[in-house]
Amino acid sequence: MKFEDLPIHGAKLVRLTVHRDERGGFARTWCADSFREAGIDFTPVQGNSSVTHGRGTLRGMHFQRAPQQDAKVVRLTSGRVHDVIADLRPDSPTFRQSFAMELSAEAGVMLYLPPGLAHGFQLLGEEAGVEYLMGAAYVPDLYDGCRFDDPTLGLAWPLPVERISPKDLSWPPLAGRMPGFGVSAG
Ligand SMILES: Cc1cn([C@H]2C[C@H](O)[C@@H](COP(=O)(O)OP(=O)(O)O[C@H]3O[C@H](C)C(=O)[C@H](O)[C@H]3O)O2)c(=O)[nH]c1=O
C-alpha cells in the first residue's frame, strides 16, 4: 500500500496494491507495519460497516469528542460516494479547512483520517458499502457531529440531499460549542 498526503494535515490517501488475475483481485486492506513505516500511529480497536441506499443520501458529518477522538480508516466495498473531511483541530495548520473527493470500491483506495476530523459522505450511485477501522471505541456520550451545511465549514455537496437521518439534521452549529469556532450567529 502507498500513502499520499491529503490537503488536511495528517490525513492520507492510501492506495491499495491490487493483485489481479483471471479470478478477480486481492488486496491487503490493513497492515500495521505499512502504517508504522508511513509514520502513522494507528491501532484499530473497532471495525464498522455501513450500507447506504439511494442517490443523494448523506451520512455525517460525524466525529467523536475528546478524550476519545476517533482516527479512522475509510474504505468503499461497493459503489461511489462524495467523501468529505473537515479539520476541527484548533492547533492544526489546516484548522476549519475541508477536503472532498470521490471514493469508490473500484478505485482501490482508502482514507486514513487522524483524530479531530469530521467525516461524512453523500451517495453518488444507488448503493454503497463502507468499511471502517476505528482508532477509538464508540462512546455514545462523546459521539458528535455537525450539519452538512454548517455555516462555518461551507461544505459543497454534488447532489440535493435526498435522505439524511433526523440526528444528522439536528446537530447544533459548531460555532459557540467547539474550540476555535467563535460564537454562534443566532
Ligand atoms: C459510529 C457508531 C454508531 N453506532 C450505532 C449508533 C446508531 O444506533 C447506529 C447508526 O449510527 P449512525 O447513524 O451514526 O451511522 P453512520 O451515519 O453510518 O455514522 C458513520 O458515518 C460517518 C460518515 C462516519 O464517519 C462515522 O464513522 C460514523 O459516525 O449505530 C455504534 O453502535 N457504533 C459506532 O461506532
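FYI, the numbering just counts along the sequence from 1. Start at 1 and go down the list; that is how both ligands and their atoms are numbered.
Looking only at protein heavy atoms, the nearest one to atom 35 (O) of ligand 1 is Gln46 NE2, 2.7 Å. Distance from atom 25 (O) of ligand 1 to its nearest protein heavy atom, with residue and atom name: His119 ND1, 2.6 Å. Protein heavy atom closest to atom 16 (P) of ligand 1, with residue, atom name and distance, is Arg59 NH1, 3.5 Å.
The pair Glu4-Arg15 counts as a salt bridge, with a side-chain nitrogen and a carboxylate oxygen less than 4.0 angstrom apart. By the 4.0 Å N-to-carboxylate-O rule, Glu102 lies close enough to Arg80 to be salt-bridged with it.
Per-atom contact check: atom 21 (O) of ligand 1 touches the protein, criterion being a heavy-atom distance below 4.0 Å. For atom 30 (O) of ligand 1, no protein heavy-atom neighbour is found at a distance under 4.0 Å. Atom 9 (C) of ligand 1 is never approached by the protein to below 4.0 angstrom, counting heavy atoms only.
Remark: side-chain polar atoms of Gln122 are paired, donor with acceptor, to backbone N or O of Pro160 under 3.5 angstrom. Under the 3.5 Å distance criterion, the side-chain polar atoms of Arg89 are matched with a main-chain donor or acceptor of His9. Put simply, the side chain of His82 gets close to the backbone of Ala156: a donor and an acceptor are under 3.5 Å apart.
Only side-chain heavy atoms of Lys167 come within less than 4.0 Å of ligand 1; its backbone N, CA, C and O stay farther off. Here Asn48 has side-chain heavy atoms under 4.0 Å from ligand 1, and that is the only part of it that gets that close.
Ring geometry for Phe42 against Tyr112 counts as perpendicular: the plane angle is over 60°, on a 0 to 90° scale with 30° as the lower cut. Aromatic ring orientation, Tyr132 versus His119: perpendicular (interplanar angle above 60°, classes split at 30° and 60°).
Of the options Tyr143, Tyr138, Tyr132, the smallest heavy-atom separation from atom 28 (C) of ligand 1 is shown by Tyr143. Atom 17 (O) of ligand 1 has its nearest heavy-atom neighbour, among Met134, His62, Lys72, in His62.
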Checklist entry - Between Asp87 and Arg96, is a salt bridge (charged side-chain N to carboxylate O under 4.0 Å, His left out) present by the stated rule, with each step listed? => result CA-CA 5 Å; Asp87 194 343; Arg96 296 177 65 146; over 6 Å; no

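Under a 4.0 angstrom heavy-atom cut-off, Met61 registers as lying outside contact with ligand 1.
Residue Asp168 has no nitrogen or oxygen atom sitting less than 3.5 Å from a nitrogen or oxygen atom of ligand 1, judged on distance alone.
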